[in-house]
Amino acid sequence: MKLDFVYISDIGKHLGQEVTLKGWLYNKRSSGKIHFLQIRDGSGIIQGVMVKNEVDAKTFELGDKVSQESSIIVKGMVKEDKRSPSGYELGVTDLQIVQLSQDYPITPKEHGPAFLMEHRHLWMRSSKQHAILRIRDTIEQAIHGYLHREGFIHTPAPILTPTSCEGTTTLFETDYFGEPAFLSQSGQMYIEATAAAFGKVYTFTPAFRAEKSKTRRHLTELWMMDAEASYFEHAENMQCQEGMICAIMEKVLNECQNELKTLERDTALLEKIKAPFPVISYKEAVRLCNEAGVPIEYGEDFGAPHDTAIAGSFDRPVFVDRFPASIKSFYMQPDPEDPTVVLGSDLYAPEGYGEIIGGSQRIHDLDLLLKKMEEHKVPYEPYKWYVDLRRYGSVPHSGFGIGIERTVSWICGLQHIREAIPFARLLEKIYP
RNA sequence: UCCAGCGUAGCUCAAUGGUAGAGCUCCCGGCUGUUAACCGGGUUGUUGUAGGUUCGAGCCCUACCGCUGGAGCCA
């Protein structure tokens, strides 16, 4: 595609040439006869230098008048400059204001989180927020790339569902032509069906949780990537998760050094994320928590302090394996060596970022599934189609789901998950 | 839902129960290498809302609203 302007990310290809940039004024400093214009165009930021006796008076006056976040079209010579963080600078020869921005609310000084979230539509232009969302994109591309290389195909799962996939958590209810419908919490069960058709599949879906969770780790609308593979057993499932995390980390470290630098992220911690990841059993994790002074009884699920205690013992993600069947979903395959535990694992990110992946081998035996559904009081009728998968060519199969925002939070080193998604949906907050 | 903290200028915050302030934004002026530029000057208030105590309330009390963090639940 041929454009009449260039992007800042490509500026190095135009050294010594006069180019046109189309973007916005990020910030400005002025010293009487020189204006320093920080120009951003979404692909990057570059400093434009406008010298009074090198442009006509009208242009120089515009340079004085142009305000923060005004949309602008700038012409200039691309120069190398050691003082510039990117190595390049633009000797401005012409400036055109597309629209003059007035009283831009987000100033270069400090703001509180409530104010920034209220202006999220503008906040995402700021360099740190911009860096986070670019890293998010790279993470998503890494997942698509890894899974396709491994032979998975993308099969979408529905968002409007007639019933809950896992009855435990609260769902958002909506009206579907007079019948109740629910916003999906996971595409997992649907891709068990597509896995039986295509072998290896995955889906990116938003997941909705109407839980009254109000912490830095919870959203009511979050993105999940669920993968499912026919004939994969538990060990192969974990190997796939490990490979995917390593692929994500490799791509981010290769392609997002500038963004990580903007975020002041300690990349040495990320470089340690290499296979093999440690695997401990739920039982060992319980013992580890108690030894670390965070008491927990066998048979209880882990809370936030337990996550931290477990993950804090390792410098890379750790699998906690073989949870008690009583605290996990009905569809998880019991361990043949100890049927009180399931072939299901959670992957905990380091540095206290908590659980990012949950995965398991699924029950493929018809009678066992029906028995477990009865035990967990799961109604048959809405899940008839799901049971059908065990009637017509059932095979052992496994899958996992990764929480995208938690992964982004971890890799970016964020204090709060709300920054990991362009428009966070939080408890009782839906603006903007 | 529960626990804790907070609510003062557009923003970030000060102000022993006794005249409501600073920095930044913004506006004017100065400056040919600035990096959240700097220097000088200027504009900006129903102190979240309602009630109460008091000679006097931004400050104390009650209720409500909102925000922030956390718990439970969860990815």
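Each chain gets a letter, A, B and so on, in the order the sequences are listed, and its residues count up from 1.
- For A/M50 and B/U32, the CE to C1' distance is 14 Å, given to the nearest whole Å.
- You'll find that the side chain of A/E110 is closest to B/A36, out of B/U32, B/A36, B/C74.
- Judged by distance alone with a 3.5 Å cut-off, a donor-acceptor contact links the side chain of A/E89 to the base of B/G33.
- For A/R29, the side-chain atoms get nearest to B/A36 when compared with the rest of B/U1, B/A36, B/G33.
- Rounded to whole Å, the distance from CG on A/L427 to C1' on B/G66 is 14 Å.
- Ring pair A/W385/A/Y190: centre-to-centre distance below 6.0 Å.
- We find that CG of A/N27 is positioned 15 Å from P of B/C24, with the value rounded to whole Å.
- Side-chain N/O atoms of A/H218 include none lying less than 4.0 angstrom from OP1 or OP2 on B/G70.
- Distance from the side chain of A/D81 is smallest for B/G33 among the nucleotides B/G33, B/G69, B/C73.
- At least one side-chain nitrogen or oxygen of A/K429 sits closer than 4.0 Å to the OP1 or OP2 atom of B/C67.
- Applying the side-chain contact (heavy atoms from CB on, under 4.5 Å) test between A/V408 and each of A/E419, A/R136, A/E140 identifies A/R136 as the sole match.
- For the P atom pair drawn from B/U49 and B/U8, the interatomic distance equals 10 Å after rounding to whole Å.
- A/L100 places its CG atom 13 Å from the C1' atom of B/C26, with the value rounded to the nearest Å.
- Taking side-chain N and O atoms only, A/R418 has a distance below 4.0 Å to OP1 or OP2 of B/G69.
- The aromatic rings of A/H119 and A/H121 sit parallel to each other, their planes meeting at less than 30°, with 60° as the upper class boundary.
- Remark: the A/N53 side chain and the B/U32 base include a donor-acceptor N/O pair separated by less than 3.5 Å.
- Candidate nucleotides B/C67, B/U32, B/C11 were compared by shortest atom distance to the side chain of A/I34, and B/U32 ranks first.
- For A/A304, taking side-chain heavy atoms from C-beta onward, the closest of the listed nucleotides B/U32, B/G70, B/A71 is B/A71.
- Taking atom NZ of residue A/K212 and atom P of nucleotide B/C2, one finds them 11 Å apart after rounding to whole Å.
- Summarising the local packing, NZ of A/K22 is surrounded by more than 12 heavy atoms from other residues, nucleotides or ligands at distances under 6.0 Å.
- Between A/Y202 and A/F204, the two ring planes are perpendicular [angle over 60°; tilted spans 30° to 60°].
- The base of B/U34 lies close enough to the side chain of A/Q47 for a donor and an acceptor atom to sit less than 3.5 Å apart.
- Rounded to an integer number of Å, the gap from CD of A/Q102 to C1' of B/G10 is 14 Å.
- If you take CZ of A/F172 and C1' of B/C74, they are 13 Å apart, rounded to a whole angstrom.
- Each of A/D307 and A/H416 was assigned the nucleotide of RNA chain B with the nearest heavy atom; the assignment lying further toward the 5' end belongs to A/H416.
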